[in-house]
Asks: 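After the structure tokens below, expect a handful of questions from me.
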Amino acid sequence: MDFWIDAVRAKFPALSLTDKGRRRIYLDNPAGTQVPQSVADAVSRCLLTTNANLGGFFDTTVAAQGIGDEAHLAMADFLGAASPQEIIIGANMTTLTYHMSRTLGRTMKPGDEIILTRTDHEGNVSPWLQLAEDLGLVVRWLPFDQQSWQIEEAALAALLSERTRLVALNYASNLTGSINRVKALTGIARRAGALVYVDAVQFAPHGLIDVQNLGCDFLICSAYKFFGPHMGILWGRLDVIDALKPYKCRCSSNALPERFELGTPQIELMAGLSAAVDYFAELGAAAGAQGSRRLKIAKAFEVSIAYENPLAQQLIDGLSDIAGLTIHGITDPKRINERVPTVSFTVEGIVPETIVRQMNAENIFLWSGHNYAWEIVHQLGIPAEQGVVRIGIAHYNTSAEIDETLESVHRVVAMLRQERS
């Protein structure tokens, strides 16, 4: 089925902005996507018409509560949760993970073991490392296979023991783009008696998440990576989170999920969060899906994946033509479904930032650096102070933008090489 890219792009006002008459190409999407008009409208409408704290009996506070309830319900649909009680909304992924790590720490004792991967974003590493330091836990490191670019099941199984209390996993890497086989890895960890905490921040914009099917205990994502506002969302299996005692104010609610949501909620951003989920549902409906919001979201991902993957392969193929350029991730067209369209590379003898600065000057937005994939660059032997050039596609990008980006990479690399010679 054709992807109606012009209609999709028309929903995102930022895509039509220019700077001194020059178009913008947004390929900084792994660090944060643009938002549709509907998300901005929802945030604005909330601030202007339902701006109140929760817990009162007048109209605006009642309406604000409704916005919060709908945000939890929307994310339950987005993630395939059994109940909105399982949805915890907070400031961002890292803050929520720090909070949950300290809560889970109350159930651990010195000598207990946790497993961390070399493919995770630092937001799913440092909270657990520091918890281990505080409590005297043992950290086991799980590397990724540099041939498959994924965490292998046998490697995880070899690290598990009767003392393993938690495995922190990555769904998709924000540097290599590789998608891990989370369901299989979770099954191995759960059979060993360990809890599983999944970072799905990079996967959430590019694939349908079904937490019940995955079998994990926790899964976290960030709304600003899937066309929403700056918020973090943590799903926790109901029986697991209901048994936990979080750090919170003495007089705050003990209900779920409120007892995990510290302080006054960001009601206006919750309005934007619901609108972002509804954007996916509208996309699915336009593709012919009927029925529940969840079914429409599933259809949206079906059509967006079919559109994004050829763009990713177009980018990979074009980069592969450059001598001395190394793509750090899956490049085999037969395995394109095993990665998200986040592509990172280095060029022999050229510092990544010099490439990015030149391309940014051409209004092609992309990043250099380690991008908080701290363990990945160290496993690969890439200088952390330099990192990689990272290009990330969203389903509002076009083939023409990829062609223009590739032309720029080729030209910039040639220019920088000439300057060195």
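Just so it is clear, the model here is predicted, and its values are computed rather than measured. Throughout, residue positions are numbered sequentially from 1 according to the sequence presented.
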Asks: Would you please classify the geometry between the Phe78 ring and the Phe226 ring as parallel, tilted or perpendicular, with 30° and 60° separating the classes?
Replies: parallel
Asks: Which value, rounded to the nearest 0.5 Å, describes the distance between Asp69 atom CG and Ile87 atom CD1?
Replies: 13.0 Å
Asks: Evaluate side chain to side chain contact (heavy atoms under 4.5 Å, CB included) for Met100 paired with Thr103, printing each intermediate quantity in order.
Replies: CA-CA 5 Å; Met100 187 55 69; Thr103 297; 4.3 Å; yes
Asks: Give a yes-or-no answer on whether the side chains of Asp134 and Gln130 include a donor-acceptor pair shorter than 3.5 Å.
Replies: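 Distance-only check fails for Asp134 and Gln130.
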Asks: For Leu175, which residues count as a side-chain contact (heavy atoms from CB on, under 4.5 Å) partner, sequence neighbours excluded?
Replies: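 Residues passing side-chain contact (heavy atoms from CB on, under 4.5 Å) with Leu175: Ser173, His328, Ser344, Ala373, Ile376, Val377, Val388.
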Asks: Could you label the plane-to-plane angle of the Phe260 and His99 rings as parallel, tilted or perpendicular, counting under 30° as parallel and over 60° as perpendicular?
Replies: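 The rings of Phe260 and His99 stand perpendicular, inter-plane angle above 60°.
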Asks: Give me the atom names and distance for the closest heavy-atom approach of Arg339 to Ile330.
Replies: NE-O, 3.0 Å
Asks: Between Asn371 and Asn174 (side chain of the first, backbone of the second, donor and acceptor by atom type, cut-off under 3.5 Å), is there such a pair?
Replies: no
Asks: Will you find, in the side chains of Asn92 and Tyr224, an N or O donor that is under 3.5 Å from an N or O acceptor?
Replies: no
Asks: What closest approach, in Å, do Pro246 and Arg259 show between heavy atoms, and which atom pair accounts for it?
Replies: CG-O, 3.3 Å
Asks: Go through Leu208 and Asp210 one step at a time and tell me if the side chain to side chain contact (heavy atoms under 4.5 Å, CB included) criterion holds.
Replies: CA-CA 7 Å; Leu208 182 69; Asp210 187 339; 5.6 Å; no
Asks: Using side-chain contact (heavy atoms from CB on, under 4.5 Å) as the criterion, point out the one residue from Val198, Val196, Leu104, Ile88 that pairs with Phe218.
Replies: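 Considering Val198, Val196, Leu104, Ile88, a side-chain contact (heavy atoms from CB on, under 4.5 Å) with Phe218 is found only for Leu104.
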Asks: Could you give the distance from CD (Glu152) to CG (Leu185), rounded to the nearest 0.5 Å?
Replies: 8.5 Å
Asks: Are Gln150 and Arg335 linked by a side-chain donor-acceptor pair shorter than 3.5 Å?
Replies: yes
Asks: Return the minimal non-hydrogen interatomic distance between Gly324 and Arg417, and the atom names on each side.
Replies: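 Minimum heavy-atom contact is CA-NH2, 3.8 Å.
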Asks: Among side-chain atoms of Glu308 and His206, is any donor-acceptor pair under 3.5 angstrom?
Replies: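 A pair is found: one side chain offers a donor N or O, the other an acceptor, under 3.5 Å apart.
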Asks: For the pair Tyr197 and Trp128, name the ring-plane relationship: parallel under 30°, tilted 30 to 60°, perpendicular over 60°.
Replies: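 Tyr197 vs Trp128 ring planes: perpendicular.
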Asks: Got a salt bridge between Asp112 and Lys109, using NZ or NE/NH1/NH2 to carboxylate O under 4.0 Å?
Replies: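 Answer for the salt bridge query: yes.
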Asks: Restricting to non-hydrogen atoms, name the atom on Val125 and the atom on Thr117 that form the minimum distance, rounded to 0.1 Å.
Replies: CG2-O, 4.3 Å
Asks: Any idea how Phe280 and Phe227 line up, ring-wise: parallel (<30°), tilted (30 to 60°), or perpendicular (>60°)?
Replies: tilted
